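Since the model is a prediction, treat every value here as computed from it, not as a measurement. In what follows, every chain begins at residue 1, and chains take the letters A, B, ... in the order their sequences are listed.
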Amino acid sequence: MSETVNAGGDEVPKNVTIYINNLNEKIKIEKLKKSLVAVFSQFGKILEVLAFKTLKHKGQAWVVFENVSSASDAIRQLQGFPFYDKPMRIQYAKTKSDVIAKADGTFVPRERRKRHDDKGKKRKDQHDANLAGMGINPAYAGAYGATPALSQIPYPGGAKSMVPEAPAPPNNILFIQNLPNETTPMMLQMLFLQYPGFKEVRMVETKPGIAFVEYGDEMQSTVAMQALQSFKITPQNPMLITYAKK
DNA sequence: AGCACA
């Protein structure tokens with residue numbers, strides 16, 4: 001079959017883009033997008049994820065895949081999937097996404113008020129289409145390209161988690177894992193104190209191997225994270241530093 | 001409930 005029937009009984013033709021609603025509106029847009037990437041990447045390459053916080057568009061998102069088969073698999077397999085405590089409702093999107101139109105040359109700017117599109121915009125669009133063609137979301141390339149920690153961290157918890165978590169967004173508090181059991185707060189303080197803005201180290205006796213390190217702000221915590229990422233207290237224990245969850 | 005391209 002080549003179409004699905006949505007809850008309202010309307011037939012929706014296949015599309016590489018899926019439209020998701022009934023999303024938890026309390027989740028911040030950036031976190032939501034990253035979590036969607038985390039959950040939907042299993043079905044194939046994602047070109048872009050769009051979500052907006054305006055009234056009319058809250059609780060909804062568009063995930064643009066490279067192939068329709070990915071979109072179909074996603075709809076089949078994740079229909080009703082509990083995501084941040086709410087079952088996702090997934091359909092094919094009704095219209096073609098701009099990234100796709102730009103890539104296949106059918107893109108027409110929708111504000112008809114412009115008589116000429118200026119050269120600068122055109123070049124930018126072409127650039128974005130190129131990025132998309134390489135599997136790089138232009139929006140992410142700009143926004144997160146300079147934040148290496150976000151891309152290099154596998155999600156902690158991995159397979160056992162029913163709702164895969166995207167890496168946490170920047171936070172002035174760092175979460176340290178894979179520490180040797182003999183690590184003391186004093187040892188960590190010596191390491192982290194050398195970076196500006198250091199506030200404190202917290203460890204929990206009953207949870208060996210992890211610690212929280214707090215800085216004044218997220219710029220400072222990011223500097224420390226990048227400096228000490230994979231630092232080995234013992235040769236077997238490269239530390240894994242991520243932002244703590246908010 | 002709400003199908004866009006910050």
Base of [N], side chain of [X] - is there a donor-acceptor contact under 3.5 Å?
X     : N     : value
A:E25 : B:dA1 : yes
A:E48 : B:dC5 : no
A:S97 : B:dA4 : yes

Does A:E25 have any side chain to side chain contact (heavy atoms under 4.5 Å, CB included) partners at least two apart in sequence or in another chain, and if so, which?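 Per chain and number, A:E25 pairs via side chain to side chain contact (heavy atoms under 4.5 Å, CB included) with A:K58.
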ILVMFWY cluster membership beyond A:M190 - transitive side-chain contacts under 4.5 angstrom: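 None; A:M190 is a cluster of one.
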Between A:N22 and A:I29, just flag the one whose closest nucleotide in DNA chain B comes earlier from the 5' side.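 With A:N22 and A:I29 compared, the 5'-side residue is A:N22.
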Whole-Å gap separating [atom2] ([N]) and [atom1] ([X]):
X      : N     : atom1 : atom2 : result
A:L55  : B:dA6 : CG    : P     : 19 Å
A:Y19  : B:dC5 : OH    : P     : 13 Å
A:I18  : B:dA4 : CD1   : P     : 16 Å
A:H57  : B:dA1 : NE2   : C1'   : 13 Å
A:N15  : B:dA4 : CG    : P     : 13 Å
A:K94  : B:dC3 : NZ    : P     : 5 Å
A:N24  : B:dA1 : CG    : C1'   : 16 Å
A:F107 : B:dA4 : CZ    : P     : 14 Å

So if I take every side-chain heavy atom of [X] and compare against [options], which nucleotide ends up nearest?
X     : options             : value
A:K58 : B:dG2, B:dC5, B:dA4 : B:dG2
A:L50 : B:dC3, B:dA4, B:dG2 : B:dA4
A:E30 : B:dA6, B:dG2, B:dA4 : B:dA6
A:Q60 : B:dC5, B:dC3, B:dA1 : B:dC3

Is A:W62 stacked on the base of B:dA4 when the test is centres under 5.5 angstrom and planes under 30 degrees? yes
A:F107 ring centre to A:K102 NZ or CZ under 6.0 Å, with the angle to the axis within 45°?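 Yes, A:K102 sits over the ring of A:F107.
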Any base atoms under 4.0 Å from A:A101, or only sugar-phosphate, or nothing? Heavy atoms, all strands. nothing
Is A:E30 paired with A:K246 through a side-chain N to carboxylate O contact shorter than 4.0 Å? no
Hey, does the side chain of A:N24 reach the backbone of A:K26 with a donor-acceptor pair shorter than 3.5 angstrom?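 Such a contact is found between A:N24 side chain and A:K26 backbone.
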side-chain N/O A:K53 vs B:dA6 OP1/OP2, d < 4.0 Å: no
